There are 2 protein chains.
Amino acid sequence: MCGLRIDKPELRRITMSLLEQSIHNYFGLMQAQDLHTVSSLFHVHEIKKGVFFLKSGKSCDKLSFIQNGLLRIYTLQDGKEVTQWISSPGYFVTDLSSLMFDTPARWNIQALSDCSLYTISKADYKNIGKLVPGWHELEKLFIAKCFTILEDRIHSHLSMSAEERYAYFFERNKELFNQVPLQYIASMLGMTPETFSRIRKKHIS
Amino acid sequence: MCGLRIDKPELRRITMSLLEQSIHNYFGLMQAQDLHTVSSLFHVHEIKKGVFFLKSGKSCDKLSFIQNGLLRIYTLQDGKEVTQWISSPGYFVTDLSSLMFDTPARWNIQALSDCSLYTISKADYKNIGKLVPGWHELEKLFIAKCFTILEDRIHSHLSMSAEERYAYFFERNKELFNQVPLQYIASMLGMTPETFSRIRKKHIS
DNA sequence: CTGATTTCTTGATTTAAATCAAGAGCGCCC
DNA sequence: GGGCGCTCTTGATTTAAATCAAGAAATCAG
């Protein structure tokens with residue numbers, strides 16, 4: 001959903017409670033029982049490579065946490081695909097405006113590989129606030145954090161060249177580069193595959 | 001703080017309750033007494049043209065609603081100013097990450113004209129949630145809305161030319177074009193003043 | 001009102017990045 | 001294992017936008 005993700009691979013090994021750990025990590029202090037209440041609303045949900053998690057124009061009726069796999073968020077603009085973001089393990093994935101405001105989804109979200117998700121329905125999601133005191137505040141802080149990450153991303157387009165954006169993103173997301181078609185990363189950084197390839201060559205040698 | 005603003009000039013004439021109207025407008029349904037509780041925490045705050053509302057690196061200890069005037073949010077990057085946003089009447093202005101997470105401010109915020117603000121201190125702001133039931137939920141929705149606006153802005157950098165960004169922004173913010181130095185708008189749209197000037201010429205004639 | 005900044009425009013030139021075009025590498029499936 | 005469809009690379013060329021350089025307009029201060 002945005003550029004915020006747990007960055008503690010060691011947590012990912014504790015399969016049992018990855019979701020709980022993540023909620024803890026993202027949303028901060030919460031009573032153990034509340035943590036359990038929240039995570040129990042999520043259900044294991046597997047999707048195969050190529051399957052659409054969401055199609056633009058539809059209503060997004062779920063929020064998912066990625067345990068494994070990669071999903072691409074993109075639009076079709078004048079026949080061209082524009083990749084907005086690639087979500088990887090540790091991210092939440094949804095169309096926030098559609099989930100929250102019941103507007104038609106703006107994004108296509110498609111699995112780039114077989115994915116293992118924890119998914120909560122829109123109805124259950126909208127109910128968390130009633131079950132867990134303080135939930136809205138935690139979620140507010142989470143979304144605010146996502147907001148500031150997007151601010152930075154905008155700033156990168158105002159102040160950096162394609163090469164600088166490449167270097168900045170590569171430094172923070174090395175692992176993505178050998179897991180997804182590079183053209184998608186190129187698009188996400190606002191450049192063509194050709195430009196991406198040339199910059200990449202420079203940075204390898 | 002982002003691209004979300006009331007767009008009902010008729011409301012601005014009702015001076016008495018502009019702030020309340022705006023809170024109502026932004027944050028949705030609220031009991032009249034809660035609305036009053038919130039708005040009473042804001043205090044009139046005038047700043048002169050050129051004065052800094054915030055300097056980057058400092059802590060942002062307030063949140064303001066703009067009744068009148070314009071403020072520019074920018075950074076200094078390698079000796080160059082990069083304008084992130086221009087806030088106008090109807091907007092809230094703050095450094096969200098500094099306000100919420102007590103990090104050093106990332107932005108400089110400077111008055112482009114004499115400004116008339118309603119300001120709430122960080123302490124009072126952080127207390128609203130205790131005074132007004134449901135506040136965090138409303139604020140969450142507000143920030144989520146801001147988030148989706150930034151998503152769109154990023155998308156515009158991935159999919160549009162400088163000229164398209166100009167046209168898109170102009171359509172929605174005509175009034176800004178004769179109120180602020182155009183170089184700031186140029187920077188905000190990610191182009192040089194020269195490019196901006198040439199595009200503008202085309203669109204005028 | 002006037003001189004001094006600041007802001008904007010315009011033209012010439014350069015540069016970064018896009019586009020066009022072709023080929024290479026590689027996984028995949030029958 | 002050979003052919004087919006992606007994906008990536010590389011080179012040649014074009015183009016959008018940046019940079020450089022002056023002037024013109026507008027704004028501001030005294």
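The structure presented is a predicted model; accordingly, all values stated were derived computationally and were not measured. Residue numbers start from 1 in every chain, and the chains themselves are labelled A, B, ... in the order their sequence lines are given, proteins ahead of strands.
Between the side chains of A:Gln67 and A:Ser116, at least one donor-acceptor pair of N or O atoms lies under 3.5 Å. Using modelled atom types and a 3.5 Å distance limit, the side chains of A:Asp95 and A:Ser97 yield a donor-acceptor pair. Side-chain contact check for B:Glu163 and B:Tyr168: no donor-acceptor pair (N or O, by modelled atom type) lies under 3.5 Å. A:Arg72 and A:Thr83 share a side-chain donor-acceptor pair at under 3.5 Å.
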Can you name the atoms? Protein N/O to nucleotides 28-30 of chain C N/O, anything below 3.5 Å, with the distance.
none

Between protein and nucleotides 16-20 of chain C, what N or O pairs are separated by less than 3.5 Å?
{"residue": "C:dA17", "atom": "OP1", "partner": "A:Ala162", "partner atom": "N", "Å": "2.8"}
{"residue": "C:dA18", "atom": "OP2", "partner": "A:Thr192", "partner atom": "N", "Å": "3.3"}
{"residue": "C:dA18", "atom": "OP2", "partner": "A:Thr192", "partner atom": "OG1", "Å": "3.1"}
{"residue": "C:dA18", "atom": "OP2", "partner": "A:Thr195", "partner atom": "OG1", "Å": "2.5"}
{"residue": "C:dT19", "atom": "O4", "partner": "A:Arg198", "partner atom": "NH2", "Å": "3.0"}
{"residue": "C:dC20", "atom": "N4", "partner": "A:Glu194", "partner atom": "OE2", "Å": "3.2"}

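By the 4.0 Å N-to-carboxylate-O rule, A:Lys48 lies close enough to A:Asp114 to be salt-bridged with it.
Rounded to whole angstrom, the span from the NZ atom of B:Lys201 across to the P atom of C:dT7 amounts to 22 Å. Taking atom OH on B:Tyr184 and atom P on C:dT6, their separation rounds to 10 Å, with Å as the unit. In this entry the distance linking CG of B:Asp114 with P of D:dC28 reads 11 Å, nearest Å. The distance between atom CD of A:Glu81 and atom P of D:dT7, rounded to the nearest whole Å, is 9 Å. The CD-P distance, from B:Gln183 to D:dA25, rounds to 19 Å in whole Å. In this structure, A:Leu182 places its CG atom 13 Å from P of D:dT10, rounding to the nearest Å.
Nearest nucleotide to the side chain of B:Arg200, out of C:dC8, D:dC8, D:dT10: C:dC8.
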